[in-house]
Amino acid sequence: MSVITSIGEILIDLTQTGTTPEGIPEYAAYPGGAPANLAVAAARLGADVSFVGKVGKDRFGELLRSSLEVNGVNASCLYVDPKESTTLTVVSLAEGTRERSFTFYRSPGADSCLTQEETVAGLAASHPRIMHFGSVSLTRDPAQSALLVAAATARRMGALVSFDPNYREQLWPSMADGVYRIKQALPLCDILKISEGELRIIAGTGDWEKGAAQLASYGIILVLITLGQNGVFYRYRGKTGHVPGHPCQVKDTNGAGDAFFGAFLSQISNIDLSTPMSIPTLERVLDFSNRAASIAVSRSGAIPSLPSLAEVEALE
């Protein structure tokens with residue numbers, strides 16, 4: 001039994017780390033994929049975490065399994081596709097802001113070949129208190145159907161379901177199709193983490209109060225709108241608030257949201273969720289999560305940047 005089971009894509013982030021003297025970009029092969037990043041983030045902070053996903057029968061797939069296991073994530077339900085290669089993403093960083101852009105090499109990619117039978121078997125094996133998933137796996141079947149079935153199954157099992165839309169424009173036929181598919185998942189989740197940019201795309205507004213209220217109307221108990229260095233806005237059972245971020249020197253924003261959300265889920269997994277959290281407790285957990293994210297963005301890569309519990313607790 002695991003406290004948290006994260007389901008979805010796991011892939012290689014070929015992340016730009018610099019340029020040669022001739023001006024040629026240099027890249028490092030970092031383990032990544034938002035649900036995998038989150039699994040490691042929560043495990044490094046002390047949570048009991050399982051991961052359900054699929055890689056190719058190749059060296060990158062072996063690297064990803066090793067990365068999960070060395071970080072304390074149960075990878076017994078990381079499946080291997082005999083035909084498709086492990087998915088690759090090229091992550092480029094803008095000068096100055098260090099904001100990310102993504103190019104996916106996924107045709108279709110092993111991660112999108114995850115099946116309903118595999119996700120349900122993964123849940124049966126881990127029986128979590130919290131199931132987490134994102135939207136990249138909703139872009140293509142069979143993974144799309146498998147994730148929606150998994151979320152509905154987890155709810156029937158009595159688990160809380162968390163969802164991160166993690167919108168990647170390149171992977172959708174159109175923005176309208178992406179928004180439609182993401183909205184299909186909203187009624188299945190209890191906790192939603194969404195960035196400011198994704199709020200504008202999915203809720204059609206940049207107003208935190210209005211956007212959070214609209215998303216909560218799907219039956220979502222807790223809506224978290226991440227604001228980069230400005231922290232996070234929350235709507236919880238009709239109450240709203242803002243928890244400021246922690247200042248830091250930004251090196252690489254890849255994985256920042258996963259560090260934040262993994263930290264958040266690791267903390268609430270230790271709380272009795274049969275009764276509502278108090279607002280002071282929620283804000284304490286969100287401050288902890290902001291600290292984790294601020295450490296992650298000060299380093300390169302997604303999984304390699306994720307902090308330990310001692311590092312987060314030391315940052316006040």
Side-chain angles (χ1 to χ4, degrees), residues 3-4 6 34 38 42 47 128-135 138 147-148 151-152 154-167 179-246 256-293:
V3 176
I4 300 168
S6 187
L38 180 139
R129 293 184 66 202
I130 301 170
M131 181 209 130
H132 172 75
F133 71 114
S135 74
L138 299 180
L147 265 291
L148 295 178
R155 276 195 149 186
R156 287 195 298 271
M157 293 169 65
L160 283 176
V161 175
S162 68
F163 178 51
D164 179 358
N166 198 33
Y167 182 79
V179 171
Y180 171 76
R181 296 296 180 189
I182 288 168
K183 285 185 173 180
Q184 278 189 311
L186 295 180
L188 297 172
C189 76
D190 303 292
I191 304 170
L192 175 73
K193 184 207 76 73
I194 189 169
S195 70
E196 273 191 291
E198 291 160 350
L199 181 72
R200 294 187 184 95
I201 292 168
I202 296 165
T205 178
D207 185 289
W208 306 340
E209 290 272 2
K210 292 179 181 177
Q214 182 190 138
L215 294 169
S217 70
Y218 285 86
I220 301 169
I221 297 169
L222 172 62
V223 177
L224 301 172
I225 304 172
T226 52
L227 311 170
Q229 292 191 5
N230 291 323
V232 60
F233 177 88
Y234 67 84
R235 180 185 177 91
Y236 179 59
R237 299 183 183 274
K239 297 179 181 179
T240 62
H242 173 246
V243 178
H246 287 257
D258 305 321
F260 169 89
F261 209 15
F264 180 82
L265 294 181
S266 77
Q267 291 293 290
I268 68 165
S269 70
N270 297 320
I271 296 172
D272 180 4
L273 300 175
S274 62
T275 58
M277 277 186 288
S278 68
I279 294 302
T281 296
L282 174 61
E283 293 190 345
R284 174 185 58 77
V285 173
L286 290 174
D287 179 70
F288 178 92
S289 306
N290 285 339
R291 280 183 274 153

Asn290 side chain vs Pro244 backbone, donor-acceptor pair below 3.5 Å: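 At least one qualifying donor-acceptor pair exists.
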Tell me, please, which residues at least two apart from Phe261 pass ring-ring contact (aromatic ring centres under 6.0 Å, His included).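 For Phe261 the ring-ring contact (aromatic ring centres under 6.0 Å, His included) partners, ignoring immediate neighbours, are His132.
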What pairs with Phe264 under ring-ring contact (aromatic ring centres under 6.0 Å, His included), at least two apart in sequence or on another chain?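 Per chain and number, Phe264 pairs via ring-ring contact (aromatic ring centres under 6.0 Å, His included) with no residue.
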Compile the donor-acceptor pairs under 3.5 Å between side chains in residues 179-187 and protein atoms, sequence neighbours left out, one pair per line.
residue: Arg181; atom: NH1; partner: Gln184; partner atom: OE1; Å: 3.4

Quick one: pull up CG in Leu215 and CG in Leu222 and give me the separation to the nearest 0.5 Å.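 One finds 11.5 Å between CG of Leu215 and CG of Leu222.
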So, taking the atom named CG in Asp164 and the one named CG in Asp258, what distance separates them when rounded to the nearest 0.5 Å?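 Between Asp164 CG and Asp258 CG, I get 6.5 Å after rounding to 0.5 Å.
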Could you tell me which residues satisfy side chain to side chain donor-acceptor pair (under 3.5 Å) with [X], sequence neighbours excluded, listed by chain and number?
{"X": "Tyr236", "result": "none"}
{"X": "His242", "result": "none"}
{"X": "Gln267", "result": "none"}

With [X], which residues qualify under side-chain contact (heavy atoms from CB on, under 4.5 Å), at least two apart?
{"X": "Asp207", "value": "Thr205, Glu209, Lys210"}
{"X": "Ala213", "value": "Arg235"}
{"X": "Ala263", "value": "Leu45, Phe288, Ser289, Ala292"}

Write down the atom of [X], the atom of [Y], and the distance for their closest heavy-atom approach.
{"X": "Leu265", "Y": "Ser162", "result": "CD1-OG, 3.5 Å"}
{"X": "Ile4", "Y": "Ala42", "result": "CD1-CB, 4.0 Å"}
{"X": "Pro128", "Y": "Ala159", "result": "O-CB, 3.4 Å"}
{"X": "Arg129", "Y": "Ile271", "result": "NH2-O, 3.1 Å"}

Pairs where residues 222-231 contributes a residue and the test side-chain hydrogen bond (donor to acceptor under 3.5 Å, both in side chains) is met, not counting sequence neighbours: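 Matches after skipping sequence neighbours: none remain.
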Could you walk me through whether Arg237 and Ile221 satisfy the side-chain contact (heavy atoms from CB on, under 4.5 Å) test, starting with their C-alpha distance in whole Å, then the side-chain angles of each, then the deciding distance to 0.1 Å, before giving a yes or no? CA-CA 6 Å; Arg237 299 183 183 274; Ile221 297 169; 3.9 Å; yes
Might you work through the side-chain contact (heavy atoms from CB on, under 4.5 Å) test for Asn270 and Val3, ending with a clear yes or no? CA-CA 9 Å; Asn270 297 320; Val3 176; over 6 Å; no
Per-pair distances, 0.1 Å, donor-acceptor, side chain in residues 275-282, under 3.5 Å, sequence neighbours excluded:
residue: Ser278; atom: OG; partner: Thr281; partner atom: N; Å: 3.2
residue: Ser278; atom: OG; partner: Thr281; partner atom: OG1; Å: 2.9

Throw together a table of side-chain donor-acceptor distances under 3.5 angstrom for residues 188-204, partners on residues two or more places apart or in other chains.
residue: Asp190; atom: OD1; partner: Arg155; partner atom: NH2; Å: 2.9
residue: Asp190; atom: OD2; partner: Val161; partner atom: N; Å: 2.8
residue: Ser195; atom: OG; partner: Glu198; partner atom: N; Å: 3.1
residue: Ser195; atom: OG; partner: Glu198; partner atom: OE1; Å: 3.2
residue: Glu196; atom: OE2; partner: Trp208; partner atom: NE1; Å: 3.2
residue: Glu198; atom: OE1; partner: Ser195; partner atom: N; Å: 3.0
residue: Glu198; atom: OE2; partner: Asn166; partner atom: N; Å: 3.3
residue: Glu198; atom: OE2; partner: Tyr167; partner atom: N; Å: 2.9

Run the numbers on Leu286 and Leu224 for side-chain contact (heavy atoms from CB on, under 4.5 Å), then give the verdict. CA-CA 9 Å; Leu286 290 174; Leu224 301 172; 3.7 Å; yes
